Structure formats: C-alpha cells, structure tokens
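First up is the structure itself, then whatever we jot down about it.
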Amino acid sequence: MIQFDNSYVRDLPGTYLRQAPDVAPAPALVVLNEPLAAELGLMIDDPAGWFSGAVVPEGAEPAALAYAGHQFGGFSPSLGDGRAHLLGEFLGSDGRRWDLQLKGSGRTPFSRGGDGKAALGPMLREYLISEAMAALRIPTTRSLAVVTTGEQVLREAGPLPGAVVARVAASHVRVGTFQFFHARGEVDKLRALLDYTIARHYPGVEGALGLFDAVVAAQARLIAQWMGVGFIHGVMNTDNMALSGETIDYGPCAFMEAYAPGTVFSSIDRQGRYAYANQPLILGWNLARLAETLLPFFDVDAERAIDLANARLEGIAEIYRVEWVAVMRAKLGLLGEDAGDGALADDFLLAIQGVDWTLAFRRLAWAVEDEAALLSLFEDGAAIKAWLPRWRARLQEDAAVAMLAVNPAVIPRNHLVEAALEAATLGDLMPFQALLVQVRDPFATEAGREGFTLPAPTGFGRYVTYCGT
Ligand code: AMP
Ligand code: MG
C-alpha cells in the first residue's frame, strides 16, 4: 500500500476536477521501475491494476488538474489534464513529497476532442528518456511503470496498443497553472496557488518575488543542463514548464547528434520555435508569462509591480549565462573560474559545428592524454586545432577523470530509441530493455557497448519526432 497525503486536492479546491481513471479491460505490466520504487519506499501491491487505472489504490483521490498555456506562442485559456489523472501524493522515504500521476488513463472534462488515451510507443519513450535524464543528473519527473491497457488506440499510423505511464513528480504545478487562474481573474485561487507552491517547493522564500526568483534560478539551471547534453524538449509550451524546475512532459523530445544550433526534431515545430539554441530564449519568454500572472502580488502599485518584473526579466539572460558557463566549465574540465571561460566555451562550440555533440565532449576528455580520437571526428580540423592550445593553457592536469564523469558516453540515440519503440509496439521488449540498461549508466566506459555510443548510421536520414498523443 501507499500512504497518500493529498495536499493539492485538500488545499486548492476549485483548481481541479475529481475524475476516476478508465478501467482498462486487460491491464498488463510492461515495465516497472523497481529501483525507483525502492528508493521512494513504495509498496506496490498491484502494479498492473494501479498503474493502468483499473484499480484505484486506497487513499488515492484521482483528479484532473486545471491549467492553461501558451502553445507555440498562442494562448489557450483552458487545457488541463485531458488524459492524465493525479492519483495523489505520498511522502517518499527520501523525505520528499511526490505526485503520483497516470497519463493515458482516459478522458476528463479537459479532454476536448481527444480520446484521453496514449499509445505504448510514446509512453515507453517518456519512460526511457526520463530515466536517461535522471541518470544524467538532470532534474526530471520519473517514470514508475508502463502498463498496456488491452485496448487499441487509433492514431494516424493506425490502431496501436494503448498504454498508461505512471510517473512521479515533485509536483504538477506549471506556469500554465498560474495562467489559468490569472486569465479568469480568480485572484483568491491564484493567491492560494502561490502560497501552496512556495510552501511545497521553495519554503522560506519571501512572497511572489521570492518565488519568481527561485523559479528563475531553478529553470535557468535546468535549461543550462539540457543544453549541456544536447537535449531538445520540443514543446516548451508554458503548460510544459514546471515551477519545481523539473523536466516535464516528454513528447517529441530528442537528443541532438551533430551539433547545429537550429536543430529541431518535432514535426509540429515548423518555425523552429523550440530549436536547440532557442531554448534559453524561450526560458525567458515563458518566465515573462509567469511574471504576468504574479504582478498583482509583486506590488499593490501596478506600475511598481511592472518595474519589479521588468528588472527581473532583464536579468534572466545573465543568470542563464552564468549557469551555462558553469555547465561548460565542468564539461571542458576547467577547475575554478576564469573570466575567459565563457569565450573559451563559445569558441569550442564554433569549432565543433556539424560534429557529434556527445562524442566531441567525450573525446575531449580523452584528448587530455591523446588528441587523435577527437581529431578524427573533424573533416577540417583547423578550428579545433587552433582551440586546443588555449584549452590546454587553462586545463588542470588531471582533468580527464572529472570530464568523463560529466560527459556521457551514452545518450538515448535517436535510431536506437526508434528501433526499441518499434519492436516494443510489435511485442518485443528486448531492445527497449537493453537500451534502458545503457542509458541508466551514461558515464561508464564505452568498452563492450560501442553500439550504444555512436551516432545514427548515415542511412537513418533526418530524424523527425511526433507529438506524444
Ligand atoms: P501535451 O502535448 O501532452 O503536453 O498535451 C497538451 C494538452 O492536450 C494537454 O491539455 C493534454 O491533456 C491534452 N491532450 C493531449 N493528448 C490528448 C488526448 N489523447 N486526449 C485528450 N487530451 C489530450
Ligand atoms: Mg503537456
């Protein structure tokens, strides 16, 4: 059993609708995250029943949460959990409060035209990528299980096996949650949400300004970490940005292979709004949307509130840059701080254009001893050869070990993810399980697992991802 303590439904009436998940006709467990369950002290009596929604565990109070969101820049005042159910919250044996949520578990009053369901492939994708992110030490929601429902869901590709992912999150409070009540002028609910979010995520910070500063810091650090591993979220809509600073809602996300700032994988991102190099700009844009909802709490004087907000928004780019340079220092093996580190990192990026992002950093660690493997990545090595002596002049002698501990050998390579999900959809879980083992151990040596460390073969072509619906 799980000891639930459902603070969101208790403390924030009017911000959600009670809604039971669908009863899946033939739930079958596909994958259970036993290490995570153990880490959180969860006793899972009926994984297939609980995590498909067929059996509501004792103490759960299923609800669909309300939120709004800017999607690709356009505002939707009412989105909400259209295919997800918050089962409730529990206190993990790590001492933290966690949401337990099902996704793909049926229609809710927020479903609009959607069927409330999910296909197995996208739910396994969330499981795999969020496990990879956790292993890369990047804040993220965690996947606890994927269960097939025994139903077929109809998608463009035809009928597919239906599935539910169970995930845990620090919370599901999104920028879009604040936007929902702001757009409706529900100041009391906004106030309650503000107090709740501070108490849950940033206890001790002072009021709305304190919360905003804390979210800026957490999100800036998060996006800097994404950039470090070449992660492209793909749908950085405001409803997919969590106040906790966790990565949330894995849809068409993917890891960049050859470094190109404009890289986009998602089929729906036609303008490249959420391209790799745009992510830090969208960070600022989304945080401006959050600030708008908090203006009344920044100051009773509207003009002063706007001045306070603007001063903070102007500072975000610099806060992000500091976080990014810190990430790059670690990746480049630079200990301590030097005023030239940002420029050194910028110039490395210029030198590795078109080269596999992950391999470039990994082999830079090897280059502490021997540059050959690094240089073999380049068709024209002029820029990197000019850069290396500048780096050496700044490098600590024994940097290689530390660099290998932050620059992964293994990321979820797109061609392997696709092959694993395709096989799983046809009933063969072996490639998925094999890939999962590897992405959970990203920093260990390549030896014996070379097939997981190299970019897609050239025949793979341009990679396109589709929204997880
Ligand atoms: P997402 O792209 O998963 O972040 O979802 C954006 C919005 O669409 C959220 O409000 C979801 O709950 C809703 N949504 C996505 N897929 C479905 C679906 N199959 N049925 C109902 N609602 C959905
Ligand atoms: Mg979402």
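All values reported here derive from a predicted model rather than from experimental measurement. Side chains are part of it too, since the values below use all heavy atoms of this structure and drop only hydrogens, waters and symmetry mates.
No more than 12 heavy atoms of other residues, nucleotides or ligands lie within 6.0 Å of CD in Glu34, so this atom counts as exposed by the packing criterion. Within a 6.0 Å sphere centred on CD of Glu397, other residues, nucleotides and ligands contribute 12 heavy atoms or fewer. Counting non-hydrogen atoms of other residues, nucleotides and ligands closer than 6.0 Å to CD of Glu446 gives a total above 12. More than 12 heavy atoms of other residues, nucleotides or ligands lie within 6.0 Å of CD in Gln353, so this atom counts as buried by the packing criterion.
Counting only N and O atoms by type, the side chains of Thr293 and Gln179 include no donor and acceptor under 3.5 Å apart. A donor and an acceptor atom, one from each side chain of Ser105 and His85, are located under 3.5 Å apart. Under the 3.5 Å distance criterion, with hydrogens and angles disregarded, a donor-acceptor pair is assigned to the side chains of Glu418 and Tyr463. A donor and an acceptor atom, one from each side chain of Ser7 and Tyr196, are located under 3.5 Å apart. In summary, the side chains of Ser52 and Thr149 do not present any donor paired with an acceptor at a separation below 3.5 Å, with no hydrogens or angles considered. In this model, a donor atom of one side chain and an acceptor atom of the other lie less than 3.5 Å apart for Tyr274 and Asn237.
Closest non-hydrogen pair, Pro412 versus Phe255, comes out as CD-CE1, 3.5 Å. Annotation for Val153 and Gly162: closest pair CG1-CA, 3.9 Å, computed over non-hydrogen atoms. Listed here is the closest heavy atom pair of Asn240 and Val235: ND2-O, 3.0 Å. Closest of all the heavy-atom pairs between Ser130 and Tyr250 is CB-CE1, 3.6 Å. Nearest heavy atom pair, residue Ser267 against residue Tyr466, reads OG-CD2, 3.2 Å. Between Tyr202 and Ala214, the shortest heavy-atom distance links the atoms CD2-CB, 3.5 Å.
Figure legend: Arg174 and Tyr67 shown as a cation-pi pair, the cationic atom lying under 6.0 angstrom from the six-membered ring centre and within 45 degrees of its axis. Cation-pi geometry between Arg392 and Trp387 is not satisfied (NZ or CZ under 6.0 Å from the ring centre, within 45° of the ring normal).
Here OG1 of Thr197 is found 9.0 Å from CG of Leu294. Values are rounded to the nearest 0.5 Å. Rounding to the nearest 0.5 angstrom, the gap separating the CZ atom in Arg440 from the CG atom in Asn33 is 4.5 Å. Distance check: Leu102 CG to Met123 CE gives 11.5 Å after rounding to the nearest 0.5 Å. Rounded to the nearest 0.5 Å, atoms CD1 (Ile223) and CD1 (Ile282) are 10.0 Å apart. Taken from CG in Asp269 to OG1 in Thr465, the straight-line distance is 9.0 Å, to the nearest 0.5 Å. Interatomic distance, Arg413 CZ to Asp356 CG, rounded to the nearest 0.5 Å: 4.0 Å.
With Asp99 contributing its side chain and Gln101 its backbone, the two residues share no donor-acceptor pair below 3.5 Å. Side-chain atoms of Asp81 come within 3.5 Å of backbone atoms of Leu65 as a donor-acceptor pair (strictly under, hydrogens ignored). Although no hydrogens or angles enter the test, the distance criterion places a donor-acceptor pair under 3.5 Å between the side chain of Gln279 and the main chain of Phe231.
With a 4.5 Å cut-off on side-chain heavy atoms, Leu388 and Trp391 count as touching. The shortest distance between side-chain heavy atoms of Ser171 and Leu243 does not fall below 4.5 Å. Contact check for Phe443 versus Leu404: no side-chain heavy atoms found under the 4.5 Å cut-off. Contact annotation: the side chain of Leu100 approaches that of Phe51 to within less than 4.5 Å [non-hydrogen atoms, C-beta and beyond]. Between Leu435 and Leu128 there is a side-chain heavy-atom pair separated by less than 4.5 Å. Side-chain contact between Thr148 and Val164 is absent, with no heavy-atom pair separated by less than 4.5 Å. Side-chain contact between Asp347 and Arg390 is present, with at least one heavy-atom pair separated by less than 4.5 Å. Contact of the Arg221 side chain with the Gln225 side chain is registered, since non-hydrogen atoms from C-beta on lie closer than 4.5 Å.
Classification of Arg142 and Glu131 as a salt-bridged pair holds, one side-chain N sitting under 4.0 Å from a carboxylate O. Between Arg321 and Glu318, none of the side-chain N atoms (NZ, or NE/NH1/NH2) sits under 4.0 Å from a carboxylate O, so this pair counts as no salt bridge.
Between Phe348 and Phe361, the ring center distance clears the sub-6.0 Å criterion.
Scanning for side-chain hydrogen bond (donor to acceptor under 3.5 Å, both in side chains) contacts around Asp428 gives an empty result, with sequence neighbours left out.
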Item to check | Leu332 and Asp341: CA distance, side-chain angles, deciding distance, side-chain contact (heavy atoms from CB on, under 4.5 Å) verdict | outcome: CA-CA 9 Å; Leu332 298 176; Asp341 290 346; over 6 Å; no
Checklist entry - Going through the checks in order, is the side-chain hydrogen bond (donor to acceptor under 3.5 Å, both in side chains) test met by Thr247 and His233? => result CA-CA 9 Å; Thr247 312; His233 184 284; over 6 Å; no
Item to check | Evaluation steps, side-chain contact (heavy atoms from CB on, under 4.5 Å), between Leu144 and Leu42 | outcome: CA-CA 10 Å; Leu144 199 49; Leu42 286 176; 3.7 Å; yes
Item to check | Test log, rule side-chain hydrogen bond (donor to acceptor under 3.5 Å, both in side chains), inputs Arg167 and His172 | outcome: CA-CA 11 Å; Arg167 70 181 181 193; His172 286 83; 3.2 Å; yes
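Note: Phe75 and His70 have tilted aromatic rings, judged against thresholds of 30 and 60 degrees for the angle between ring planes.
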